[in-house]
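Worksheet for the structure shown next.
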Amino acid sequence: MRYCYSLTESQIHLIASLNEHENVGFEIRLDTFSAEPQWDRLRAATDRPLLATWRSKPHLGQAEPKTRDSMGWDWRRAALKAGFDMIDVELDENELADKISAIQKGRAQVILSHHELGDNAGIKDAFTRAMDTDANILKIIGSGRETADLERQRDFYRRAAGRELVHFYMGGEFAASRVLCLLYGGSFTFLTPDPSRVVAPGQLTLQDVNEVYKPLDVDPEAMRLFAVIGSPVGHSKSPAYHNGPLKEITPNALFLALPAADEADFQTLRRTFPELRGMAVTKPMKEIAFSRATEFADPHSSNLGAVNTLLFRGERVRAANTDLLATIDILKQAGDNPTVRVLGFGGLGKAVVRACIAGGLACQICNRTPGRVPDDLGSDVSELAWEDRHQAGADVVVQCTSAGMAPYEDVSPLERMPEGLKLLVETIYNPIETRVMTMAREAGVQVLDGMALFNGQALIQNAFFREIAAR
Ligand SMILES: NC(=O)c1ccc[n+]([C@@H]2O[C@H](COP(=O)([O-])OP(=O)(O)OC[C@H]3O[C@@H](n4cnc5c(N)ncnc54)[C@H](OP(=O)(O)O)[C@@H]3O)[C@@H](O)[C@H]2O)c1
C-alpha cells in the first residue's frame with residue numbers, strides 16, 4: 001500500500017470501487033462507527049491492506065481518549081482477529097508496549113501515531129519517543145505552520161533511516177508534504193475519496209497523485225523539482241498546469257506548491273530542496289525573487305522590481321516576469337497602436353505598464369490610491385486620476401485591481417465602460433466571469449477573461465521550465 005484511503009463509517013461502501021486502483025489500502029476509522037462493524041464482511045470486502053484505527057480527539061479523531069483502552073482496544077483486537085493487516089495505536093496510549101507486542105503476535109503491523117495540533121512544539125520529542133519503540137511504522141503528523149516545517153520533515157526522514165516513517169504536515173498550504181513523504185521513502189500517504197469531506201485538512205485525492213504529481217514515477221535520487229512559492233499557495237493552479245508538460249520531458253520532474261512568505265522562507269526552501277530547478281513566484285515573494293536574480297531572461301523584466309519566474313543553474317539565478325511577456329502578446333492582438341488604460345498599479349499593473357512601454361504603446365495608469373506612480377516611465381505613460389477612469393480616450397482597459405475577486409464578486413472597478421472602449425482585458429480568474437466583464441459584454445465591448453493572461457504567462461513559464469528540466 002502506498003496510498004491509504006481513510007474511510008469513515010459512511011464511506012465504507014466506497015471500498016468496492018476504490019479497490020480497483022493500484023497501490024491502495026484502507027484505513028477504517030473505527031472512531032466514526034455508531035456500532036461495531038461486521039469484521040468478516042469488512043475483511044471480505046477487499047484483498048487490499050486494511051488498517052484499523054481508533055482515533056481519539058487529541059489526535060483529531062472523534063473518540064474520547066478514555067475509550068481507547070475499553071471499546072477502542074476491543075474493536076482493534078477484533079479487527080486483528082479478523083485478519084486486518086495493520087493496527088493503529090496512539091503514542092500516548094496506556095500499556096503501549098503490551099499493545100504493540102499483542103498486535104505483532106497477531107501477525108499484523110503496528111502503526112504508531114502521533115498528531116501535533118498546535119505549534120508543533122512537541123513533535124521532536126514525539127519523534128524521539130516513537131523511534132524508541134518496536135512499532136513497525138511510525139506515523140508522526142504535524143500541523144503545517146511555517147516553511148521550516150518542510151525542512152524538519154526532510155530532517156526526520158534522514159534521522160529515521162532504516163525505520164518506516166509516515167511524516168507530513170496537515171493543512172492545504174502544506175499538501176506538498178504529503179507528496180514529499182513518499183519521495184523521502186515514507187511507507188504511504190493518505191488519500192480522501194471526497195475532497196469536500198476530508199478527515200484531515202490537505203488530504204490528496206487519487207486524481208492528484210495519479211494525474212498530477214505521479215510521485216511513484218519519480219526517482220528521488222534524480223528528482224527535478226519545480227515549485228510555485230508564495231502565501232497563500234495551497235489553491236494555486238500551477239501544479240495542475242505544469243506537472244503534465246514537465247513529466248513529458250522526464251518522469252523525474254515534480255512541480256509542487258510550497259508556502260513562503262518572506263526572505264527567510266526563501267532561504268529555507270533553497271536549503272531544504274537542492275533539487276529545485278525552477279520556481280513560479282506569487283505574492284508576496286515577487287520582489288524577493290527579483291532581488292535574488294543574477295540575470296534576466298529578457299530586457300523588460302530587469303526594470304520591474306518583481307519577477308514571477310526563477311530558474312536555477314548552479315550559482316546562477318535567471319529571472320523573468322512572464323505576466324509582462326504574456327501581456328505583450330495579448331496587446332499585439334488589440335489592433336494597431338491602441339491606447340491602453342491600466343486599472344491598478346500593484347505587482348501586475350506594473351508588469352502590464354512595462355509591457356506597454358516595451359510595445360511602444362501609449363499607456364494611462366489609473367490607481368485608486370494616488371501618488372504611487374513614478375515620474376520616470378517615459379513620455380508615452382501618463383497618470384489618470386481614479387475619479388477619471390470612466391473618461392473616453394482608451395481603446396483597451398487592462399483590469400489589474402483586485403476589485404471583483406472572490407469573495408467580493410459584487411465589486412466592480414468600473415461603473416460603466418469608457419466611451420469608445422474596444423477591449424477589456426480582465427486579469428482576475430476567480431471568478432472566471434467578473435461583474436466588470438458582464439458589464440463590458442452588455443456594452444458591446446470585446447472581453448478577454450483572466451485565463452487568457454494566466455494561460456499565456458504559464459505557457460511561457462512552462463517553456464522555461466521544460467528547457468531546464470531537459471538538461
Ligand atoms: N491572470 C493572471 O495570470 C494574474 C496574474 C497576477 C495577478 N492576477 C490578478 O491581478 C490582481 C492584482 O494582482 P497584484 O499582484 O497586482 O495585486 P497587488 O500588488 O496587491 O495590487 C492590487 C491592486 O488592486 C488595487 N485595488 C485593490 N482593491 C481595490 C478596489 N476595491 N478598488 C480599486 N482598486 C483596488 C490596489 O490599489 P491601491 O494601490 O489603491 O491599494 C492595487 O493597485 C489580482 O486580482 C490577481 O488575481 C492575475
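Please read these numbers as outputs of a predicted model, since none were measured by experiment. Counting starts at 1 for both ligands and their atoms, in listed order.
Proximity of K283 to ligand 1, defined as any heavy-atom pair under 4.0 Å, is confined to the side chain (atoms from C-beta onward). Proximity of N367 to ligand 1, defined as any heavy-atom pair under 4.0 Å, is confined to the side chain (atoms from C-beta onward). In C400, the part holding a heavy atom less than 4.0 Å from any atom of ligand 1 is the backbone.
Heavy-atom contacts of A403 reach the following atoms of ligand 1: 30 (C), 31 (N), 32 (N) (cutoff under 4.0 Å). Numbered from 1 in the order shown, with element, the atoms of ligand 1 that lie under 4.0 Å from a heavy atom of G344 read 43 (O). Residue contact check: I428 has heavy atoms under 4.0 Å from atoms 45 (O) of ligand 1.
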Test log, rule ring pair (Phe, Tyr, Trp, His ring centres under 6.0 Å), inputs F465 and H242: CA-CA 9 Å; F465 292 154; H242 289 292; 5.2 Å; yes
Residue pair I468, R313: steps toward the side-chain contact (heavy atoms from CB on, under 4.5 Å) verdict: CA-CA 8 Å; I468 207 156; R313 214 177 293 161; 4.1 Å; yes
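Residue contacts with ligand 1: G450 is placed with a nitrogen or oxygen under 3.5 Å of a nitrogen or oxygen of the ligand (distance criterion only). At a 3.5 angstrom cut-off on N or O pairs, T369 counts as close to ligand 1.
At a 4.0 Å cut-off, at least one heavy atom of W386 sits close enough to ligand 1 to count as contact. Using 4.0 Å as the threshold, S402 has a heavy atom nearer than that to some atom of ligand 1.
F168 and F190 have perpendicular rings, their planes meeting at more than 60° on a 0 to 90° scale where under 30° would count as parallel.
Counted by atom type alone, E151 and T268 present zero donor-acceptor pairs between their side chains at under 3.5 Å.
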